[in-house]
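Okay, so here's the structure we're looking at.
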Amino acid sequence: MIDQRLLRTDLDGVKAALSRRSRPKLIDDVDRAAQLDARLRDIQAERDEIRAKVNSVSKDVGMLRRDGNVEEAEKLQVQSREFGASEKSLAGEHDDVSALLNDLLLGLPNIPHADAPDGASDADNPVITGPIGLNTTFPAWQRVPHWETAEALGILDNERATKISGAMFTMQRGAGATLARALTQFGLDRNADVHEEIRPPSLVTTATLTATGQLPKFADDAYLIERDDLWCVPTAEASLTSIFSDEILDDTDLPIRLMAFSPSFRREAGSAGRDTRGMLRAHEFDKVELLAFATPEQAPALLDDMVGRAASAMGDLGLPYRVMEICTGDMGQSHHRTFDVEVYAPGVDTWLEVSSVSWFGDYQARRGNTRFRRHDEDGKPSKGSEFVHTLNGSALAVPRVWAAIIENYRNEDGSITVPEALHRYMRNITVIR
RNA sequence: GGAGAGGUGCCAGAGCGGCCGAAUGGGAUGCCCUGCUAAGGCAUUGACCCUCCGGGGUCCGUGGGUUCAAAUCCCACCCUCUCCGCCA
């Protein structure tokens, strides 16, 4: 959620910033939100005034009754009842307007960072780093899609996954399952230097999923367990972002850096039929996520650090990769600034998005109400509090990296050489055959 | 899932229709006293919104209701604890 106050202090600035997202309808929404905000404040002021009167009259009534002056008291009560009636109607109007405004604000995307590149779609995303480690040519035996290789080796059995759970579920077997788990362990271990490991719940409340921005707009993309009103997390980001909601952190504790392994559940509504083969898109997959809570000043360096971590993981696995910056037209709803790490997979001849690292500003913290308090040089806490900045990114999303390994490490005989960085997690399996 | 108890400020804990944004104790911070330490004295100590900067409003688990007036009464829900049941 963007700062409602900006609608009054810098309406033109908000409109200019959001217009960079190439969605004209947004500007109408901003205008409408600004109108509702102004109306709401008028109602609020009027209401406060009446409440003040009711409060003071009620106090007088109390004193009069104590002194036995029933007659005067009853006169005042009549007056107060009238105030009460008009307050009630204002309260109703207030609720209506604020519900409308809240819907609008929840739907408004974050303001893009000034340095985020302009653009209309993913075609406009500039390459920031790389490609690194990309060969100019690939031998024919590497031009085989991973599902063909993996099924032949018996390490991927999507047919039976479908029998068990339906379309777009995957199942790894034997060394394939070991490889998947090795990747998560690899993803966690290399980030344990500065991140606290968390094992968060995978089912979360509506409030939790609203804080990250998935709800209310993207409800169709998530699995809802209706009986208990719980959602399956689409990413550990959802659980981690709400970990300190309704709390006020100390700036001396910031940045707080967390990492978590979790399953991720996605309905993939609207993408039926796309990337249905292999491991590229599934309803459930495993991922190691990084997340940081920071002051605004700390955020840019943390963003760089996270992008570096996601990218170097691919480098250490010996996979060809590049880093893209996401342009304003392609940015996610909650994002302030975003970088993607992509890995080249020769079998499907595509760059696969394996990590997306974003800085959210205070957009998520405002929705989740996560604040921090500053301290001066003498360690004295300052008055009031601010919203923290959040950042997150995938340290390692298992399925696509898994697929990229199968395709990049395929040998002429159809076997797979396990990248050296994973040997220690692979129970001595160095070649999958 | 069943029975009972309870949710109040940084913590503990009182209040159970008006004088309560809230006693008391602890903690923290500042000042005084003190050679240092200990002890002591005094004071300060929640968040949020609006503001014509005088002030006004909201918040005692959450949401509704009763009342001139709700932390206090009523209803629903959530959460915590204890016992029982079930269970990796």
Side-chain angles (χ1 to χ4, degrees), chain A residues 1-11 33-102 105 199 201-211 225-231 239 242-253 263 362 365-388:
Chain A
M1 196 138 61
I2 64 167
D3 187 352
Q4 200 171 326
R5 265 171 293 202
L6 288 177
L7 296 174
R8 4 204 233 260
T9 57
D10 188 20
L11 182 58
Q35 282 165 15
L36 289 173
D37 174 67
R39 175 77 194 117
L40 197 64
R41 268 183 313 141
D42 287 349
I43 297 170
Q44 186 73 265
E46 213 177 320
R47 207 182 153 195
D48 282 358
E49 209 170 298
I50 293 176
R51 279 243 45 108
K53 282 184 195 158
V54 171
N55 285 343
S56 98
V57 169
S58 293
K59 228 163 235 178
D60 293 345
V61 170
M63 281 193 275
L64 288 168
R65 287 202 171 267
R66 200 172 36 259
D67 300 343
N69 194 343
V70 178
E71 200 181 316
E72 257 324 286
E74 275 173 1
K75 265 193 219 162
L76 285 184
Q77 278 176 222
V78 172
Q79 200 185 2
S80 184
R81 247 192 295 267
E82 280 164 18
F83 288 140
S86 47
E87 199 252 326
K88 199 159 197 168
S89 85
L90 278 174
E93 194 179 350
H94 180 274
D95 288 351
D96 293 346
V97 174
S98 91
L100 283 172
L101 176 58
N102 202 41
L105 286 174
R199 177 49 256 239
S202 305
L203 267 39
V204 299
T205 62
T206 297
T208 296
L209 216 51
T210 303
I225 296 164
E226 275 186 69
R227 180 161 32 167
D228 298 297
D229 197 23
L230 289 168
W231 302 78
S239 314
S242 287
I243 194 168
F244 300 122
S245 67
D246 294 323
E247 294 187 39
I248 299 177
L249 305 168
D250 274 336
D251 64 345
T252 49
D253 292 332
D362 61 10
R366 181 171 282 107
R367 291 165 85 112
N369 190 27
T370 305
R371 299 166 170 276
F372 77 97
R373 195 188 312 281
R374 291 185 190 271
H375 291 73
D376 65 20
E377 284 156 15
D378 304 329
K380 283 196 349 195
S382 68
K383 196 92 182 126
S385 58
E386 304 170 37
F387 291 108
V388 296

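In what follows, chains carry the letters A, B, and so on, assigned in the order in which the sequence lines appear, proteins first and then strands, with residues in each chain numbered from 1.
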Treat a base pair as Watson-Crick or G-U wobble with both distances under 3.5 Å, then lay out RNA chain B in dot-bracket form, 5' to 3', with | for cross-strand pairs.
((((((((.[[[..)..(.....]]]((((((.......))))))(((((....))))).[[[[[..)....]]]]])))))))....

Quantified in whole Å, what is the C1' atom distance between nucleotide G27(B) and nucleotide G35(B)?
29 Å

Between A47(B) and U8(B), how far is it from one C1' atom to the other, in whole Å?
15 Å

C1'-based separation of A22(B) from G13(B) [nearest Å]
12 Å

Taking only the P atom of each, what is the distance from A71(B) to C20(B) in whole angstrom?
13 Å

Would you measure the distance from the P atom in C42(B) across to the matching atom in U24(B) and give it in whole Å?
13 Å

Rounded to the nearest 0.5 angstrom, the CD-CH2 distance for E226(A) and W231(A) is 8.5 Å

I'd like the C1' distance from C50(B) over to A38(B), given in whole Å.
49 Å

Residue among K88(A), R39(A), R47(A) satisfying side-chain hydrogen bond (donor to acceptor under 3.5 Å, both in side chains) with E93(A)
R39(A)

Atom C1', compared across C79(B) and A28(B): separation rounded to whole Å:
29 Å

Look only at the side chain of S242(A) and the backbone of S239(A), and say whether a donor-acceptor pair between them is shorter than 3.5 Å.
no

Mind checking if V61(A) touches a base, just sugar-phosphate, or nothing, with heavy atoms under 4.0 Å?
base

Which part of the nucleic acid, if any, lies within contact of N55(A), taking any heavy atom under 4.0 Å across all strands shown: a base, the sugar-phosphate backbone alone, or nothing?
sugar-phosphate

Given A47(B), G18(B), G57(B), identify the nucleotide with an atom nearest to the side chain of R51(A).
G57(B)

Using atom P of each nucleotide, how far apart are A23(B) and C16(B) to the nearest Å?
14 Å

R367(A) side chain to T210(A) backbone, donor-acceptor under 3.5 Å:
yes

With nearest nucleotide decided by heavy atoms, which residue, R65(A) or A52(A), maps closer to the 5′ end of RNA chain B?
R65(A)

Base, sugar-phosphate, or nothing for S58(A), non-hydrogen atoms under 4.0 angstrom?
base

Summarise how protein sits on nucleotides 48-53 of chain B as a single string, 5' to 3': B when a protein heavy atom is under 4.0 Å from the base, S for sugar-phosphate-only contact, - for no contact.
SSSS--

Counting only heavy atoms not in E386(A), do more than 12 fall under 6.0 Å of its CD?
yes

Could you check whether any side-chain N or O of D3(A) sits under 3.5 Å from a backbone N or O of R5(A), counting only pairs where one atom can act as donor and the other as acceptor?
yes

H375(A) has an atom NE2; how far is it from atom C1' of C10(B), in whole Å?
12 Å

